[in-house]
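Chain letters run A, B, ... following the sequence lines, proteins first and then strands; every chain starts at 1.
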2 protein chains.
Amino acid sequence: MEELFEYLARYSPLSEGSKRAIAKISQELHIRKNSDLQPIGHTCKTIYFLKKGIARIYYFKDDVDITESFSFEGHIVVRYESLFTGKPSKKGIQMLEDSDVIAINASGLFKLYDRHRDIERLFRNIFEAALIDQVNRIESLQFHTADERYKALIKDAPDIIKRAPLKYIASYLGITPVSLSRIRSLR
Amino acid sequence: MEELFEYLARYSPLSEGSKRAIAKISQELHIRKNSDLQPIGHTCKTIYFLKKGIARIYYFKDDVDITESFSFEGHIVVRYESLFTGKPSKKGIQMLEDSDVIAINASGLFKLYDRHRDIERLFRNIFEAALIDQVNRIESLQFHTADERYKALIKDAPDIIKRAPLKYIASYLGITPVSLSRIRSLR
DNA sequence: GTAATTTATTATCATATGTAAAGTGTTTTC
DNA sequence: GAAAACACTTTACATATGATAATAAATTAC
């Protein structure tokens, strides 16, 4: 659990009691490469922290597999639109490598908000940071070319090329694998 | 202020004392059509509630004016990436009509969090909802055609066509005005 | 109210990306 | 380790969108 608390401490401090409370509603999981951490159709009731490994959130649009986002070790994975609405998500979470994950029970966490104000504040800060990330992603999608987005991705996460199949990277960039191949062949 | 409190009540309840505290750090403004509520380059230190009128968040990319988002009466406008980082925003907020706005001082608001837990909780809820909106916007930009995005926009906000210049709508959709003209002429 | 400016449309041509199909290389399965 | 499945690249052609320019329509300024 230590990695998780190091991550959380980056957002705001937690009392020892709050840490114990979070530990109590969390459990460590090992997930095999290519298997689903959460399948499509389930309601998101868990906040996952990636200790080791890399994940993607994906869904199907007209039978085409679309990668909405990648998440790396040392970060959390959440399907916000399901977690905060309580509705089933049409998105799944798949691990792209054999992975170690800490699963935090979300309804348990939200209950802790009342008695542990530092926890509520901490997760408010985490979700505010996530909001910033999403705004920046929109900017990237709205007015950068596919080529620019690809360059930005490999700058941001150079090892993504080695760790995720190009077909997933392509749909993440909003293009087809064929088009990504073309972009890559220009270098 | 009543419209503001009706809006806030949709997210979670506020005590009378909390309402008074918010009113104290808020002020009503009248803004002329086409003028900036917040110019580019300023740090976002205010959360605006639109009583009447319509706003856009915009910025310049390579001298081209880009509309990042529209906001309508009965909703708030915030440049999250600046509000939560404290960094100057490269985005401005412009009113597209003569407008009535309630300006909530953000640092004043954040100070209220300590003594008014209902306020912290309320704004956590508001920002969580904003996070959902951004996730959905990403999905729209990532895997819908410009034509689909245009249809979705007029379904979502039919009067946007009458109230915002098409050039702004075009850049919001991630296309040029010429391309938007083409899309529109197909109907 | 007229002139000047801005906004929107249309046409033409260029470019980027999509689709489909074929071929090559890699991984998985038994 | 061979066969099958999958991933990636390349080519050819189709389509959508961009860039530019000309024109028309609407708005703004005086």
Quiz prompt | Minimum heavy-atom distance L50(A)-S71(A), with the two atoms named | solution = CD1-O, 3.4 Å

Quiz item: Is there a donor-acceptor pair under 3.5 Å between the side chain of D62(A) and the backbone N or O of V64(A)?
Solution: no

Quiz item: When rounded to the nearest 0.5 angstrom, what is the spacing between CG in L4(A) and CD1 in I102(A)?
Solution: 5.0 Å

Practice problem: Salt-bridge test for K61(A) and E68(A): reply yes if a basic N is under 4.0 Å from a carboxylate O, no otherwise. | Solution: no

Quiz item: Taking 4.0 angstrom as the limit, do R20(A) and E16(A) come out as a salt bridge?
Solution: no

Exercise. Determine the minimum heavy-atom distance between Y150(B) and L180(B), stating which atoms define it.
Key: CD1-CD1, 3.6 Å

Quiz item: Which of parallel (below 30°), tilted (30 to 60°) and perpendicular (above 60°) describes F70(A) and Y172(A)?
Solution: tilted

Quiz item: Under a 4.0 Å heavy-atom cut-off, which of residues 55-72 of chain A touch DNA chain D?
Solution: none

Self-check item: From E6(A), E28(A), E97(A), residue fulfilling salt bridge (charged side-chain N to carboxylate O under 4.0 Å, His left out) relative to K51(A)
Solution: E28(A)

Practice problem: Produce a footprint string for nucleotides 4-19 of chain D: one letter per nucleotide, 5' end first; B if the base is under 4.0 Å from any protein heavy atom, S if only the sugar-phosphate is, - if neither. | Solution: ---SSBBBB----BBB

Quiz item: Do NZ/NE/NH1/NH2 and the carboxylate oxygens of K151(B) and D147(B) come within less than 4.0 Å?
Solution: yes

Exercise. Compute the ring centroids of F49(A) and Y7(A), then answer whether they are less than 6.0 Å apart.
Key: yes

Exercise. Name the first nucleotide and the last nucleotide along DNA chain C (5' to 3') that come under 4.0 Å of a heavy atom in chain A.
Key: dT17(C) to dA20(C)

